[in-house]
Visitor: 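Just dropping this structure here.
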Amino acid sequence: MSYVDEVFDLVVAKNPAQPEFHQAVKEVLESLRVVIEANEEKYRKDALLERLVTPERQLLFRVPWVDDKGQVQVNNGFRVQFNSAIGPYKGGLRLHPSVNLGIIKFLGFEQIFKNSLTGLPIGGGKGGSDFDPKGKSDREVMAFCQSFITELHKYIGADTDVPAGDIGTGAREIGYMYGQYKRLTGLYEGVLTGKGLSYGGSLARTEATGYGLLYLTEEMLKCNGKDIAGKTVAISGSGNVAIYAAQKAQQLGAKVVTVSDSTGWIYDPEGIDVDLLKEVKEVKRARLTEYAAARKSAEYHEKKNGEHGVWNVKCDVALPCATQNELDLEDAKALVANGCFAVAEGANMPTTMEATEYLQKNGVLFCPGKAANAGGVATSALEMSQNSERLSWTFEEVDSKLKGIMVNIFHSLDDAAKQYGMAGNYVAGANIAGFLKVADAMQAQGIV
Ligand code: NDP
């Protein structure tokens with residue numbers, strides 16, 4: 001049996017009931033097969049792949065907090081410090097009821113390659129909790145965040161592990177966590193990113209993942225003889241990534257016709273009104289029904305079981321920006337049938353493996369999340385640099401660095417795909433380019 005297959009079997013055996021983690025590892029290892037097989041003896045002797053798929057450290061902890069009725073609630077807390085070969089662990093904190101160890105491990109594993117692709121010195125990590133901030137009062141969210149950090153603060157720091165936002169963790173949650181970290185440690189340091197502008201946050205961090213997604217998509221289209229201007233774009237989600245992806249797409253001259261949340265989706269043939277969407281989602285924290293109520297051209301569709309409405313709409317470019325496995329084979333078929341020619345992932349692993357293969361086989365340009373959504377973590381790393389320098393850069397400075405990073409990422413995965421005889425396969429290109437730097441650093445640092 002080949003080394004790659006052996007290690008994948010080992011991952012399944014040693015990590016039972018973690019299907020998302022298995023899926024992420026399989027996708028990466030399949031792409032790396034050609035690289036691994038060329039160096040099989042050396043990698044096998046050093047157990048390089050076994051070390052790569054095993055987190056350096058996994059923290060699981062209890063998060064007790066008191067709700068507004070005086071009732072004690074208990075959630076599970078997680079931080080997986082996956083790989084620090086090229087820098088301190090860096091990756092977001094997800095707060096969502098679906099969070100479990102397997103989800104955090106899949107996200108942490110992806111983060112290793114994503115962070116490597118940015119060209120910045122950051123290792124891979126991820127964390128979170130099954131706490132659901134939805135429907136909680138500000139005081140309850142604060143109580144949870146303080147309890148979460150009371151445990152986690154022992155293991156993080158500006159030079160060791162720097163968490164950030166993700167689903168359910170926005171500026172409010174980062175603020176409460178930062179305040180508690182500072183209180184417990186007495187340190188005013190860049191330990192969390194996504195901070196508010198008045199206490200060490202970076203301009204353009206809020207916009208970074210969505211903007212970065214569009215910078216990369218624009219470059220991918222340009223290198224394939226196409227232009228984003230004038231194109232129709234379908235977006236899923238209506239959170240941080242989706243909102244700023246829609247905004248930048250429209251600034252680049254495209255028309256965004258869909259957004260969604262976990263209960264429904266909007267089709268707006270006149271183009272999504274981003275200011276209204278921000279008001280509904282960022283200010284009122286309301287459902288998309290409120291968007292539809294305020295805008296004549298918008299149709300609201302309730303989400304039916306197993307149906308992901310946005311992918312059935314006619315579009316040129318699809319940008320999944322909600323959550324994992326939200327675009328399946330049926331959706332991929334609908335996209336191809338409707339003439340969609342490019343998909344770039346704003347979310348982490350939103351496309352199933354079968355859907356990815358179908359899109360690639362049908363000539364759709366496909367860029368995986370670990371490259372396409374790397375703008376968020378890249379700008380987080382820029383926030384770390386500003387915190388270390390005790391300086392703040394202008395929006396334009398950060399935005400232009402972000403654009404440069406996204407364009408470079410696209411070219412590094414395009415080049416890697418070509419170098420290994422898989423031109424146009426950006427999934428393989430991203431995994432290979434991300435892996436080579438990490439593998440080199442791991443080899444150089446000995447058996448640790
Ligand atoms: P938000 O919490 O701001 O928004 C998430 C959006 O996705 C919401 O519209 C939410 O709907 C929807 N959603 C979440 N879970 C589900 C689900 N199980 N089914 C259907 N819809 C769902 O998160 P972000 O925008 O920050 O993150 C979106 C994706 O992008 C995630 O995969 C995240 O890991 C990834 N990402 C985020 C980065 C960032 O900088 N924020 C960086 C890189 C990747 P509802 O409001 O109803 O819950």
Side-chain angles (χ1 to χ4, degrees), residues 20 24 90-99 103-104 106-108 110-111 113-115 117-118 124 126-128 130 132-135 163-174 193-194 201-202 204-213 216 235-246 258-266 277-278 280-282 284-291 302-311 319-328 344-351 368-383 402 406:
E20 293 86 2
K90 181 93 198 83
L93 297 171
R94 178 172 292 191
L95 301 182
H96 193 272
S98 63
V99 164
I103 299 261
I104 298 299
F106 120 64
L107 290 163
E110 289 277 295
Q111 198 82 41
F113 306 96
K114 180 189 308 196
N115 293 3
L117 282 170
T118 66
K126 197 82 189 186
D130 55 3
D132 187 357
K134 259 192 233 146
D166 190 71
I167 290 180
T169 306
R172 174 182 61 172
E173 290 74 16
I174 293 289
T193 56
S202 173
R205 173 60 188 92
T206 307
E207 294 83 354
T209 308
Y211 278 23
L213 172 65
L216 184 136
I235 290 183
S236 64
S238 52
N240 173 264
V241 181
I243 289 173
Y244 293 96
T258 63
V259 285
S260 65
D261 64 17
S262 43
T263 51
W265 59 283
I266 293 283
L277 183 64
K278 285 171 78 171
V280 170
K281 284 292 170 185
E282 291 184 341
K284 295 187 181 160
R285 295 177 186 267
R287 312 305 318 168
L288 286 172
T289 40
E290 292 220 11
Y291 176 95
E302 199 70 34
K303 204 171 263 180
K304 301 195 189 93
N305 241 355
E307 189 188 282
H308 316 141
V310 296
W311 312 128
L319 304 174
C321 296
T323 194
Q324 63 272 3
N325 292 328
E326 52 157 314
L327 195 166
D328 63 18
E345 296 183 324
N348 284 311
M349 210 169 73
T351 315
K370 60 171 73 72
N373 69 32
V377 74
T379 309
S380 280
L382 300 180
E383 183 174 330
L402 167 66
M406 297 315 294

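Read the numbers this way: they start at 1 and go in the same order the structure lists the ligands and their atoms. In what follows, residues are counted from 1 in the order of the sequence shown. Being a predicted model, the structure only gives us computed values, none of them experimental.
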Visitor: Show the numbers, then the answer: is there a side-chain contact (heavy atoms from CB on, under 4.5 Å) between His96 and Asp132?
Guide: CA-CA 5 Å; His96 193 272; Asp132 187 357; 5.7 Å; no
Visitor: When you look at Ile167 and Leu95, which way does the side-chain contact (heavy atoms from CB on, under 4.5 Å) test go after all the steps?
Guide: CA-CA 6 Å; Ile167 290 180; Leu95 301 182; over 6 Å; no
Visitor: Any non-hydrogen atom of Gly346 lying under 4.0 Å from ligand 1?
Guide: yes
Visitor: Given Gly168, Ala322, Ala164, which one has a non-hydrogen atom that is nearest to atom 12 (C) of ligand 1?
Guide: Ala322
Visitor: Counting only heavy atoms, which portion of Arg287 has something under 4.0 Å from ligand 1: side chain, backbone, both, or neither?
Guide: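 Arg287 to ligand 1: side-chain contact only, backbone stays beyond 4.0 Å.
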Visitor: Are any of the side-chain heavy atoms of Trp311 and Ser236 separated by less than 4.5 Å?
Guide: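 When only atoms from C-beta onward are counted, Ser236 and Trp311 do touch, with a gap below 4.5 Å.
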Visitor: I need the atoms of ligand 1 closer than 4.0 Å to a non-hydrogen atom of Gly237, numbered in the order shown.
Guide: 9 (O)
Visitor: Heavy atoms, side chains only, cut-off 4.5 Å: are Leu402 and Tyr211 in contact?
Guide: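 Answer yes - side chains close enough.
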Visitor: May I ask whether Ala374 places a heavy atom under 4.0 Å from ligand 1?
Guide: no
Visitor: Is the shortest heavy-atom distance from the side chain of Asp130 to the side chain of Pro97 under 4.5 Å?
Guide: no
Visitor: May I ask you to list the atoms of ligand 1 that are less than 4.0 angstrom from any heavy atom of Thr209?
Guide: 38 (C), 39 (C), 40 (O), 42 (C), 43 (C)
Visitor: With a cut-off of 4.0 Å, which atoms of ligand 1 are near a heavy atom of Ser262?
Guide: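 Reading through ligand 1 atom by atom, the close ones are 11 (O), 20 (C), 21 (N), 45 (P), 47 (O), 48 (O).
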Visitor: Name the option, out of Val241, Val259, Leu288, that contains the heavy atom nearest to atom 37 (C) of ligand 1.
Guide: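 Heavy atom nearest to atom 37 (C) of ligand 1 belongs to Val241.
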Visitor: In the protein, what heavy atom is nearest to atom 6 (C) of ligand 1, and what distance, to one decimal place, separates them?
Guide: Gly239 N, 3.9 Å
Visitor: Return yes if some donor-acceptor pair links the side-chain N/O of Lys281 with the main-chain N/O of Ala286 below 3.5 Å, else return no.
Guide: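 At least one qualifying donor-acceptor pair exists.
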Visitor: Between Arg205 and Ser380, do the side chains contain an N or O donor and an N or O acceptor separated by less than 3.5 Å?
Guide: yes
Visitor: Go through the side-chain N and O atoms of Asn115 and Lys370 and say whether any donor and acceptor fall under 3.5 Å apart.
Guide: no
Visitor: Does Met349 come within less than 4.0 angstrom of ligand 1, counting non-hydrogen atoms of the residue?
Guide: no
Visitor: Looking only at heavy atoms of His96, does any of them come nearer than 4.0 Å to an atom of ligand 1?
Guide: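 Yes.
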Visitor: Contact between Val259 and Leu277 at the side-chain level, heavy atoms closer than 4.5 Å - yes or no?
Guide: yes
Visitor: Looking only at protein heavy atoms, which one is nearest to atom 48 (O) of ligand 1, and what is the separation?
Guide: Lys134 NZ, 2.7 Å
Visitor: Could you walk me through whether Arg287 and Thr263 pass the side chain to side chain donor-acceptor pair (under 3.5 Å) test, one step at a time?
Guide: CA-CA 8 Å; Arg287 312 305 318 168; Thr263 51; 3.2 Å; yes
Visitor: Where is the nearest protein heavy atom to atom 14 (C) of ligand 1: which residue, which atom, and how far?
Guide: Ile167 CD1, 4.1 Å
Visitor: Under 4.0 Å from any heavy atom of Thr323, which atoms of ligand 1 are there?
Guide: 15 (N), 16 (C), 17 (C), 18 (N), 19 (N)
Visitor: Against ligand 1, does Thr263 come closer than 4.0 Å with any heavy atom?
Guide: no
Visitor: Which ligand 1 atoms are under 4.0 Å away from a heavy-atom of Ser260?
Guide: 9 (O)
Visitor: Among all the protein's non-hydrogen atoms, which is closest to atom 9 (O) of ligand 1, and how far away is it?
Guide: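 Here the nearest protein heavy atom works out to Ser238 N, 2.9 Å.
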Visitor: Check each atom of ligand 1 against the heavy atoms of Arg205 and keep those under 4.0 Å away; list them by number with element.
Guide: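 Near Arg205, the atoms of ligand 1 are 40 (O).
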Visitor: Using side-chain heavy atoms (C-beta onward) and a distance below 4.5 Å, is Glu345 in contact with Gln324?
Guide: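 No, their side chains stay 4.5 Å or more apart.
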Visitor: Where is the nearest protein heavy atom to atom 34 (O) of ligand 1: which residue, which atom, and how far?
Guide: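 Going by distance alone, atom 34 (O) of ligand 1 is nearest to Asp166 OD1, 2.6 Å.
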Visitor: Would you mind reporting whether Thr169 and Ile174 have side-chain heavy atoms less than 4.5 Å apart?
Guide: yes
Visitor: Can you name the atoms of ligand 1, numbered from 1 with element, that are less than 4.0 Å from a heavy atom of Arg94?
Guide: 31 (C), 32 (O), 33 (C), 34 (O)
Visitor: Is at least one protein non-hydrogen atom found at under 4.0 angstrom from atom 31 (C) of ligand 1?
Guide: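 At least one protein heavy atom is under 4.0 Å away.
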